[in-house]
Amino acid sequence: MSDLRTPLRPKRKKVWVDYFVQFRWIIVIFVVLPISATMYFLTYLGDLKSERKSFKQRQKEHNENVKKVVNRLKRRDPKRDGLVCTARKPYIAVGMRNVDYKRARHFEVDLSEFRNILDVDKERMIAKVEPLVNMGQITRVTVPMNLALAVVAELDDLTVGGLINGYGIEGSSHIYGLFSDTVVALEVVLADGRVVRATKDNEYSDLFYGIPWSQGTLGFLVSAEIKLIPVKEYMRLTYTPVRGSLQDFAQAYADSFAPRDKDPGKVPDFVEGMIYNPNEGVMMTGTYASKEEAKRKGNVINSVGWWFKPWFYQHAQTALKKGEFVEYIPTREYYHRHTRCLYWEGKLILPFGDQWWFRWTLGWLMPPKVSFLKATQGEAIRNYYHAMHVIQDLLVPLHKVGDALEWVHEEMESWDCAGLPHLAVPSSPVQATREDDDLPGAGLRAARPAGDTNFAQMFTDIGVYYAPGPVLRGEEFDGAEAVRRLEEWLIQNHGFQPQYAVSELSEKNFWRMFDAGHYEHCRRKYNAIGTFMSVYYKSKKGRKTEKEVQEAEQAIAEAAYAEDA
C-alpha cells in the first residue's frame, strides 16, 4: 500500500492557480458564504409562501406555466433558432460536469417557476412536485407528516428534475432502487409542444423508461409523481468499525444489507459505508425508530444538523477509536447529514471549516451553495480541479466493489470514499443495462452474487471525493488520464459513470458504456432529434461549437430517416 509521505512521481512546479486555490477560503468566507446564506433564507421564505397556497391554486399556476413553455416552443423556428435549452445559467447545476454545451444552444426556455410542491396525497402515498423542488424543500414538508420520498438524496440543493433526468441514489436504494425507480408518472412537454403524462404501463411507457439518465434531451420535465413511504421521527443508526483489506471492507459492506442467510429481518432501512484509509472504514446501518423509543432512558440522541456539530463523516470516524455504538438521529437531519460539509469537499474548500471555533462562530453560514462556488471560479480554476481533483461516482455490480476500491486506491491513491447500494431492476433500465453474456443477475446464474435476486442485480455507488495522493504530496498527476482509465475499467467491469461527473469518454466509448437502443428509439419517436441536444454531446467535456453539434444532430437525423425508410 502506498503512503502519502512516500514520493512516487516527480514533483510538480507550482503555478499561480495553486496559490489561488490554497487561499480560496478568503473569497468563500467573505463572498460565497454570506451570499449563500442570504439566498438560502430568501428561498426558504419563497417556499413558505408557496406552501401557504392551496393545492388547487398551485395546480392552476402550474398549468399556466406549462402553457408558457408550450407557447415558447411553438414560436421556435428550427432553421433560425437552433437547438433548445433551458434558460438556467450553466453554473447553477450541482455537479462538476462542464456545461459549456449552452454555447451551442440558443433557443432558451424558462423553467424557473417550476419549483412548487403541487400535492401530497396521503391516500395514494404520492407526492406531485415540479422539477426544481429540491430535497431540503420536500423533506421540510413531508417529514412532519411522518412521510418521505422512498429515496432522499443527501444534499439539500439536489432537485427532483436533476435526480430523475440524471442520477439519484441514497442509503435506501438497496430496497427502492435509484431515485428514478420511485417515480410513478412524468409530465413532459415534447419537442412539438405536446404535453403528455408518461407512466410505466400507458401509451408513453417507452418515454417513461427513456427519461432517466437522458439529461433532459427527450423533452422538458414539468412535474413528477413520486412514491412516498411512512417514516418515523428518528433513525436508529449503528456505527460499526471495519479493519482489514479493501476486500474485507467490501465483504462487510455487502453483509450489512445482503445477509448471507437471506433473512429479510436483517435488512436495514438505510446503509452507508465510509473508508478513511486503505485499512479502516466504518459501516453504518439505520432503521426508523419512534420518538418513544429514541427517548428511552440510556439511548443517545444526536441532532447532527446543528451548525456547531462535528461534520458527519468525522463523527462517524470516531467509531474507529471507541468501537461500535448506536445513536438516534432526527430523521430529517439524518437525510441531510452530508449537506453542511459537502462530504469531504468542505475540508478542501475551507481547511479549518471543521474546527470547533469555526463551527461555533461561522458554522451557521455553511454550506456554501455549489452554484456560487462555481460562479466564482474562472476557466483556469475549473481546469485545475478537473486535473487535480477527484469527484466521481462509480456504479458497479456489488460483487465488484472490492475490485473497484482497490483500483481507485492503486490508480488514484484516493480512499476518502462513501458507498451506497442500489437494486437495479432490468425493467427500469439505467440507459438500458447492457446485455453482456457474462453480466450476472436477472436469474441467469444458479449461484447469484450477494444481493442479486431472480429479477434484479445489486449495484453499488462508490463516491470518491477528494484530492488524490500525488496532488497532496505536490507531485505530478494527470487527472484526465486517470479518469479515462477509470472509465475503461467501468466498461470492462459492466459499471456506469453518472453524467454529473467530469467525463473523458469518446462518443464510441460512451455508447459502449450505455445502450443507445431505447434512447434513440425515444429520440426518433418523440421528435427530439434536431430540437434537443443528444445526451452524449450534452455530457461531453469541453466547449461545443454550434456547428459541431448541428452537424452531429444532422447526421443522427439522416440515420434515423434512413432507418425509418
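The pair Glu225-Arg197 meets the salt-bridge criterion, since a charged nitrogen lies less than 4.0 angstrom from a carboxylate oxygen. Salt bridge Arg72/Glu108: absent, no basic N to carboxylate O contact under 4.0 Å. Lys128 and Asp121 are not joined by a salt bridge, as no carboxylate oxygen comes within less than 4.0 angstrom of a charged side-chain nitrogen. Of the charged side-chain nitrogens involved, at least one lies within less than 4.0 Å of a carboxylate oxygen, so that Glu272 and Arg337 count as a salt-bridged pair. A salt bridge links Asp354 with Lys347; the closest basic N to acidic carboxylate O contact falls under 4.0 Å.
When all heavy atoms of Leu33 and Pro367 are compared, the closest pair comes out as CD2-C, 4.2 Å.
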**Study point:** Working for ring pair (Phe, Tyr, Trp, His ring centres under 6.0 Å), residues Phe352 and Trp25
**Key:** CA-CA 9 Å; Phe352 44 78; Trp25 61 266; 5.2 Å; yes
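Separation of atoms CD1 (Ile169) and CG (Leu163) is listed at 11.0 Å; rounding is to 0.5 Å.
Sorted by first and then second residue, the pairs that involve residues 361-372 and meet salt bridge (Lys or Arg N to Asp or Glu O under 4.0 Å), not counting sequence neighbours, are Asp157-Lys369.
Of the candidates Glu61, Gln59, Lys67, Asn63 forms a side chain to side chain donor-acceptor pair (under 3.5 Å) with just one, namely Gln59.
Side-chain N/O atoms of Tyr343 and Glu154 include a donor and acceptor closer than 3.5 Å. For the residue pair Ser50 / Asn116, a side-chain donor-acceptor distance below 3.5 Å is found, with atom types taken as modelled. For the residue pair Gln22 and Asp18, no side-chain donor N or O sits within less than 3.5 Å of a side-chain acceptor on the partner.
Ring orientation note: the planes of Trp344 and Tyr313 are tilted relative to one another, at an angle of 30° to 60°.
The backbone N or O of Tyr176 sits nowhere less than 3.5 Å from a side-chain atom of Ser173 that would complete a donor-acceptor pair.
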